[in-house]
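The structure appears below as structure tokens.
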Amino acid sequence: MHFIGVHGMVGKGGRDGSEFIDATWKEFQQNRTTSIEPTKYNLTYNSVHLSDLSEILGEVIKDPRTLKGTAVAVKGLFDSSNGAGVSEIGLNIAETLQSCADTQFVLVGYSQGAWVIDKFLRSTRPQVLNHIAGVALYGDPQWDNGRNGRGIARQLSRYISTLRLGGDYPGFGDRIQSWCAARDPVCGEGYRPGLLSAGQEVGPQLRDAVGCDKPACPHNSYSGVTTKGGEFLGRKVYPK
């Protein structure tokens, strides 16, 4: 069993959510029912700085008419970074399978790391997906809970369709679980869909996302959820 953790955007003090990945790993370990020790790999890709995203989104606060251009800028900000993360997951899995062809994997992603895993799951070969036993995601910018909230990337895909990762995960069924904290502006739970109001005024989700590099932002509040994430992965791998 091999655990892959994907950190998120880099906030103040260099925090990138690695603590949520590590806490999930610890809980996952506590749910282990065999003597075989799982292995662990944390991605090293260069994720986006939250301050850079805030700066781009801040342009819409100044002038809501720039939203489409902002969507283009967000796509440019994330494209290469997300691509590097997807490639690193694929390489790590390939190297691991070369050493042991029967290895099963669990993936954990926070924030941008969840988005990276989204892209990986939708782009990799079915033969690889068959080796993935479970996936836990926190604060996913691609979150879509309909009228109850959508992630910032999912919202911006209205203007740049290639930002959207639509449809269900291929053939995954109950192997994936995603959590979005209430009023987390990055994944959007609790906000009415639409970054602008009908009157083309900036909505609360976008305003809150601009200030999400501050510690009080709910996007930084996943410590209490990692127990659920680790337990979920444990049930997928170590059924009692």
Side-chain angles (χ1 to χ4, degrees), residues 6-21 43-85 109-119 137-145 149-160 162-165 178-197 200-223 225:
V6 191
H7 64 265
M9 291 181 282
V10 180
K12 287 188 175 178
R15 288 186 59 190
D16 60 7
S18 291
E19 67 270 27
F20 305 137
I21 305 298
L43 255 66
T44 61
Y45 81 114
N46 291 322
S47 56
V48 166
H49 282 254
L50 196 49
S51 58
D52 291 336
L53 177 62
S54 296
E55 183 178 347
I56 290 173
L57 296 178
E59 294 301 313
V60 186
I61 305 295
K62 300 174 187 175
D63 184 356
R65 294 172 299 179
T66 64
L67 186 54
K68 184 172 182 178
T70 294
V72 174
V74 169
K75 181 179 184 299
L77 181 67
F78 282 92
D79 266 0
S80 61
S81 180
N82 283 347
Y110 162 72
S111 184
Q112 184 186 353
W115 188 357
V116 168
I117 291 175
D118 288 332
K119 290 179 72 70
L137 305 176
Y138 310 120
D140 188 353
Q142 289 284 346
W143 171 268
D144 190 348
N145 195 20
R150 294 189 175 101
I152 198 78
R154 185 58 61 97
Q155 298 266 33
L156 290 172
S157 69
R158 175 181 176 185
Y159 306 93
I160 301 293
T162 51
L163 281 172
R164 181 178 175 83
L165 298 176
S178 186
W179 289 268
C180 179
R183 305 296 284 188
D184 175 349
V186 174
C187 55
E189 183 66 15
Y191 292 93
R192 293 182 62 183
L195 298 178
L196 299 180
S197 69
Q200 297 301 293
E201 296 180 348
V202 175
Q205 182 178 357
L206 189 55
R207 288 189 180 276
D208 291 349
V210 170
C212 213
D213 58 343
K214 297 179 175 61
C217 176
H219 192 57
N220 303 313
S221 64
Y222 285 87
S223 296
V225 185

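Predicted, not measured: the structure shown is a model, and the values here were computed from it.
Listed for the Arg154 side chain is no donor-acceptor partner under 3.5 Å among the backbone atoms of Trp143. Although no hydrogens or angles enter the test, the distance criterion places a donor-acceptor pair under 3.5 Å between the side chain of Ser47 and the main chain of Gly8. Distance alone, capped at 3.5 Å, is enough to place a donor-acceptor pair between the Ser81 side chain and the Asn46 backbone.
A pairwise comparison of heavy atoms in Pro185 and Cys212 identifies CG-SG, 3.8 Å as the closest pair. Across Leu50 and Gly11, no two heavy atoms sit closer than the pair CB-CA, 4.3 Å. Here the closest heavy-atom approach between residue Val60 and residue Thr70 is recorded as CG2-OG1, 3.0 Å. Contact detail for Asp140 and Asp118: the closest heavy-atom pair is OD2-OD2, 2.5 Å. Of all the heavy atoms in Ser221 and Ala181, the pair that sits closest is OG-CB, 3.9 Å. Of all non-hydrogen atoms in Ser54 and Val210, the two that sit nearest each other are OG-O, 3.0 Å.
A distance of 9.0 Å separates SG in Cys180 from NE2 in His219, rounded to the nearest 0.5 Å. Rounded to the nearest 0.5 Å, atoms CG (Leu195) and OH (Tyr159) are 6.5 Å apart. Rounded to the nearest 0.5 Å, atoms CG (Asp184) and SG (Cys217) are 6.0 Å apart. To the nearest 0.5 angstrom, Leu206 atom CG is 5.5 Å from Leu57 atom CG. Atom CG of Leu137 and atom CD of Gln142 lie 11.0 Å apart (nearest 0.5 Å). Here the CD1 atom belonging to Ile152 is positioned 11.0 Å from the OG atom belonging to Ser157, to the nearest 0.5 angstrom.
Checked against salt bridge (charged side-chain N to carboxylate O under 4.0 Å, His left out), Asp52 has no partners two or more places apart in sequence or in another chain. Applying the side-chain hydrogen bond (donor to acceptor under 3.5 Å, both in side chains) rule to Ser178 yields no partners; only residues at least two apart in sequence or on another chain are considered.
Between Phe20 and His7, the ring center distance fails the sub-6.0 Å criterion.
Exactly one residue among Lys75, Gln112, Lys119 makes a side-chain hydrogen bond (donor to acceptor under 3.5 Å, both in side chains) with Asn82. That residue is Gln112.
Contact of the Met9 side chain with the Phe78 side chain is registered, since non-hydrogen atoms from C-beta on lie closer than 4.5 Å.
Relative ring orientation between Tyr222 and Tyr138 is described as tilted, the plane-to-plane angle lying within the 30° to 60° band.
For CZ of Arg183, the number of neighbouring non-hydrogen atoms (other residues, nucleotides, ligands) closer than 6.0 Å is greater than 12.
The side chain to side chain donor-acceptor pair (under 3.5 Å) analysis of residues 200-216, with sequence neighbours excluded, yields the pairs Gln155-Gln205, Tyr191-Asp208.
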Item to complete: Kindly indicate, with the supporting measurements, whether the criterion side chain to side chain contact (heavy atoms under 4.5 Å, CB included) is fulfilled by Leu196 and Val202.
Response: CA-CA 5 Å; Leu196 299 180; Val202 175; 4.1 Å; yes
